[in-house]
Structure formats: C-alpha cells, structure tokens
Amino acid sequence: MSSFTTMRHSLTTSAVFAAVLLCVSFVSQAECQSTPAPPRPCSSYKNCDTCVPNAKCLWCFTTNNCTEYPVSWLLPPASVCQLSQARWGVCWLNFEALIIALAVVGGTILISIIACCCCCCCKKRRSGPDRDEERFARKREEIKQRSEERKVERKARHDEIRRKYGLMGDSDHPYSKFENE
C-alpha cells in the first residue's frame with residue numbers, strides 16, 4: 001500500500017512541476033516579444049532596389065524618388081508618376097507592363113474556366129440523350145423480337161395450311177414418295 005501512495009505522490013509532483021514549467025514558458029515568451037520598430041517612411045528610400053520590396057511604396061524613375069502607393073486609387077494617378085515610369089514590386093517591370101501581364105493572365109484563366117464549364121455542360125447534355133438512345137434501342141430490340149416471333153408463328157400457320165391442302169414441297173411432305181412413282 002505504501003508503494004501505491006509513493007507512486008501517487010510522485011505523479012502529483014510531476015504534474016505540478018509540468019504545470020509550473022508551462023506557465024513560466026508562456027510568461028517568459030510574452031516578455032521576450034518586443035514591439036516592432038515603426039515602419040520607415042517611403043521617402044527615406046533612395047533607390048529602386050530598397051523601395052519596391054515594400055508593398056506600400058512606389059518608385060518613380062521620372063523623379064527618382066520613392067513615394068507611398070496611393071491606395072485610394074487602383075492605379076497611381078499621373079500626378080504621382082506616369083505608369084510607364086512607375087515601379088512596384090520589382091524594378092525591372094514597369095507598371096504598364098505589370099497591368100498588361102496581369103490582364104492577360106487573368107483573361108486566360110477566365111477563358112479556361114469558361115471553356116471547362118462549357119465542356120462539362122456539353123458532356124452532361126450528351127449523357128442525357130445516351131440514356132434516351134439506350135431506351136429507344138431496347139424498345140427497337142423488343143419490337144424486332146416480337147416481330148420475329150409473329151413471323152415464326154405466321155410461317156408455322158402457313159406451313160400447316162399448306163400441309164393440309166397438300167401444297168408443301170417434296171422434302172417435307174410425307175406422301176411425296178408415293179406421288180412421284
């Protein structure tokens with residue numbers, strides 16, 4: 001019984017130790033985090049390579065300065081910088097080319113989606129008539145089968161009438177041997 005109490009006491013001690021360690025790690029982690037430095041204004045950047053990595057900044061080659069991207073406008077107005085001279089994101093691609101490239105990529109994606117939707121719709125439309133065609137084929141097959149059955153019955157009746165009146169061919173008629181002699 002004493003080994004059970006000792007084991008229980010050691011488990012309780014371990015649980016308390018783990019809880020204290022967890023609390024200390026959270027507290028120390030919160031104390032280690034510092035507030036980020038205030039962002040540099042765009043005007044402090046002096047060349048294109050340091051300006052354009054910041055998403056809020058726009059480099060203008062006409063004036064050779066870094067300005068804040070006018071977020072109220074989708075495209076920067078000509079008063080800030082001409083589109084052919086504006087750089088945003090990378091220095092080697094002007095804003096005009098960026099807009100054209102994005103429009104082409106967006107248009108291609110849109111056309112691809114529309115084409116896929118049309119193909120899917122056409123396949124669904126084709127699958128509907130396939131079911132109808134199968135149903136019509138089954139009906140045609142049933143009609144053909146009934147027609148064959150009626151044809152066999154009709155031939156049997158006609159043969160019976162021919163036998164009755166002796167109009168059967170020589171090979172099928174039982175008295176053909178006697179008539180030929």
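Hydrogens, waters and symmetry mates play no part in the numbers below; they use all other heavy atoms, side chains included. Note that the structure is a prediction, hence the values are computed from the model and not measured.
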Measure across [X] and [Y] and return the closest heavy-atom pair with its distance rounded to 0.1 Å.
X: Asn94; Y: Ser84; answer: CB-O, 3.3 Å
X: Phe95; Y: Leu75; answer: CE2-CD2, 3.7 Å
X: Cys57; Y: Tyr45; answer: SG-CE1, 4.1 Å
X: Lys56; Y: Cys42; answer: O-SG, 3.8 Å
X: Leu98; Y: Trp88; answer: CD2-CE3, 4.0 Å
X: Cys91; Y: Phe61; answer: O-CE1, 4.2 Å

What distance do [X] atom [atom1] and [Y] atom [atom2] have between them, rounded to the nearest 0.5 Å?
X: Lys139; Y: Arg135; atom1: NZ; atom2: CZ; result: 5.5 Å
X: Tyr69; Y: Asn54; atom1: OH; atom2: CG; result: 15.0 Å
X: Cys118; Y: Ile111; atom1: SG; atom2: CD1; result: 11.5 Å
X: Arg150; Y: Arg157; atom1: CZ; atom2: CZ; result: 11.0 Å

>> For Lys144 and Arg140: C-alpha separation, side-chain torsions, deciding distance, then whether side chain to side chain contact (heavy atoms under 4.5 Å, CB included) applies.
In response: CA-CA 6 Å; Lys144 197 179 214 182; Arg140 273 194 305 264; over 6 Å; no
> Between Arg163 and Asp159, is there a salt bridge with N-O shorter than 4.0 Å?
Replying inline: no
>> Please say yes or no: joined through hydrophobic side-chain contacts below 4.5 Å, possibly via intermediate residues, are Val80 and Leu83 part of one cluster?
In response: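 Yes, same cluster.
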>> Donor-acceptor pair, distance only, cut-off 3.5 Å: does the side chain of Ser112 make one with the backbone of Thr108?
In response: yes
> What do you reckon, is CD of Gln85 surrounded by more than 12 foreign heavy atoms closer than 6.0 Å?
Replying inline: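 Counting neighbours around CD of Gln85, more than 12 heavy atoms of other residues, nucleotides or ligands fall under 6.0 Å, so yes.
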>> For Glu96, I'd like to know if atom CD has over 12 heavy atoms of other residues, nucleotides or ligands within 6.0 Å.
In response: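 Result for CD/Glu96: enclosed.
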>> Apply side chain to side chain contact (heavy atoms under 4.5 Å, CB included) to residues Lys164 and Glu160 and explain how you reach the verdict.
In response: CA-CA 6 Å; Lys164 180 178 177 182; Glu160 187 178 323; 5.8 Å; no
>> Leu58 vs Arg87, test: side chain to side chain contact (heavy atoms under 4.5 Å, CB included). Steps then yes/no.
In response: CA-CA 6 Å; Leu58 174 76; Arg87 303 293 190 266; 5.9 Å; no
>> Evaluate Cys66 against Cys51 for disulfide bond (SG atoms under 2.5 Å apart), listing each step before the verdict.
In response: CA-CA 6 Å; Cys66 187; Cys51 175; 1.9 Å; yes
